[in-house]
Amino acid sequence: MSVISFKIENESKGHFSVTVVSCKQENNLLCLKPNESIAVTVLFSLSFVDFKDRCRCNEFKEVCFAERIKAVFSNGFKQAFELSVKLDVPKLVLSSTNLEFGTVFLGRTCESVVLLSNNTLSDALWSLCIPSEFQSVLSANSNNGIVVSKQKSGNESIHLRFSPSSENIYKFVAFLHNEITGEIHQINISGTGSANEKFSDTWQCT
């Protein structure tokens, strides 16, 4: 019985890579002795851009990546291996989409918390957009972040602070984007600024 040499080919040259462990190599070919077995390591890598593009053109709850790996032996035998990975499409759920700050004394700040939940097995990237004309009135502890998968915790909090600078009634919308899927959540903001000192000691304001 003679030694058989072979090589591994990835027909699609995509997200999977194969590394053969514990096997001798000669002339760029892997050598397999009679009654010998080898260990093969398969790696899957995916860029944020590729994942986002696939999720945005998919209406289902998961996306699948499949490729064909082929082993070509020196005796003419060929064997193909189908590799596939299924990933959840991340989905964000907001604890509230309507924030009513009430009447706030000028110079004071009221805070409200929106909890972001992710009940999928994929991390979700998000960003918050506050209209430029209201950025002096409403601020957040963070304007972007990652809500990790439910295997890790699946929750993150956004602290929104309302600080009126004039005696006005404020009503506007902030937008929270799921950067993976393109889904947009609207957060309706309302509040009133007042110079009346009876509002200066409102308990939830600082």
[atom1] of [X] to [atom2] of [Y]: how many Å apart, nearest 0.5 Å?
{"X": "I189", "Y": "L99", "atom1": "CD1", "atom2": "CG", "result": "4.5 Å"}
{"X": "H177", "Y": "N143", "atom1": "NE2", "atom2": "CG", "result": "11.0 Å"}
{"X": "S117", "Y": "K91", "atom1": "OG", "atom2": "NZ", "result": "12.0 Å"}
{"X": "K150", "Y": "T120", "atom1": "NZ", "atom2": "OG1", "result": "8.0 Å"}
{"X": "C129", "Y": "Q186", "atom1": "SG", "atom2": "CD", "result": "11.5 Å"}
{"X": "C110", "Y": "L160", "atom1": "SG", "atom2": "CG", "result": "12.5 Å"}

Worksheet item: Going by heavy atoms in the side chains, are N141 and R161 under 4.5 Å from each other?
Response: yes
Worksheet item: Taking the side chain as C-beta and beyond, is there a heavy-atom pair between K61 and V89 under 4.5 Å?
Response: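 The answer is no; the side chains never approach within 4.5 Å.
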Can any side-chain N or O of [X] pair as donor or acceptor with the backbone N or O of [Y] at less than 3.5 Å?
{"X": "R108", "Y": "P164", "answer": "no"}
{"X": "E82", "Y": "A66", "answer": "no"}
{"X": "N178", "Y": "P90", "answer": "yes"}

Discussion item. Applying side-chain hydrogen bond (donor to acceptor under 3.5 Å, both in side chains), can you list everything that pairs with D88, at least two apart in sequence or on another chain?
Written reply: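 D88: no side-chain hydrogen bond (donor to acceptor under 3.5 Å, both in side chains) contacts found.
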Fill in: Partners passing side-chain hydrogen bond (donor to acceptor under 3.5 Å, both in side chains) against E167 (at least two apart in sequence or in another chain)
none
Write down the atom of [X], the atom of [Y], and the distance for their closest heavy-atom approach.
{"X": "N196", "Y": "F105", "answer": "O-CD1, 3.2 Å"}
{"X": "I130", "Y": "S139", "answer": "CD1-CA, 4.3 Å"}
{"X": "K171", "Y": "S190", "answer": "CG-CB, 4.0 Å"}
{"X": "N118", "Y": "A124", "answer": "ND2-N, 3.7 Å"}
{"X": "I146", "Y": "E156", "answer": "O-OE1, 2.5 Å"}
{"X": "A80", "Y": "R68", "answer": "CB-NH1, 3.3 Å"}

Fill in: Remaining members of the apolar cluster that contains I184, side-chain heavy atoms under 4.5 Å
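Result for I184 is V173, F175.
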Name every donor-acceptor pair, under 3.5 Å, that has one atom in a side chain of residues 43-50 and the other anywhere in the protein, sequence neighbours excluded.
unit_1	atom_1	unit_2	atom_2	d
S47	OG	D50	N	3.1
S47	OG	D50	OD2	3.4

Kindly work out whether a path of hydrophobic side-chain contacts (I/L/V/M/F/W/Y, heavy atoms less than 4.5 Å apart) joins [X] to [Y].
{"X": "L92", "Y": "V113", "result": "no"}
{"X": "V137", "Y": "L106", "result": "no"}
{"X": "F51", "Y": "L121", "result": "no"}

Discussion item. Quick check on K52: does its NZ atom have over 12 non-hydrogen neighbours (other residues, nucleotides or ligands) under 6.0 Å away?
Written reply: yes
Discussion item. Please determine whether the number of non-hydrogen atoms from other residues, nucleotides or ligands lying under 6.0 Å from atom CD1 of I169 exceeds 12.
Written reply: no
Worksheet entry | Among L115, N155, I158, the one residue meeting side chain to side chain contact (heavy atoms under 4.5 Å, CB included) with S95 | L115
Item to complete: For F172 and E133, run side-chain contact (heavy atoms from CB on, under 4.5 Å): C-alpha distance rounded to whole Å, both residues' side-chain angles, the deciding distance at 0.1 Å, then the answer.
Response: CA-CA 10 Å; F172 58 94; E133 62 267 34; over 6 Å; no
Item to complete: Write out all pairs satisfying ring-ring contact (aromatic ring centres under 6.0 Å, His included) with one or both partners inside residues 138-167, taking only residues at least two apart or from two chains.
Response: F101-F162, F162-Y170
Item to complete: Test L94 against L116 for side-chain contact (heavy atoms from CB on, under 4.5 Å), laying out the working first.
Response: CA-CA 5 Å; L94 281 64; L116 303 182; 3.7 Å; yes
Fill in: Pairs touching residues 114-127 that satisfy salt bridge (charged side-chain N to carboxylate O under 4.0 Å, His left out), sequence neighbours left out
D123-K152
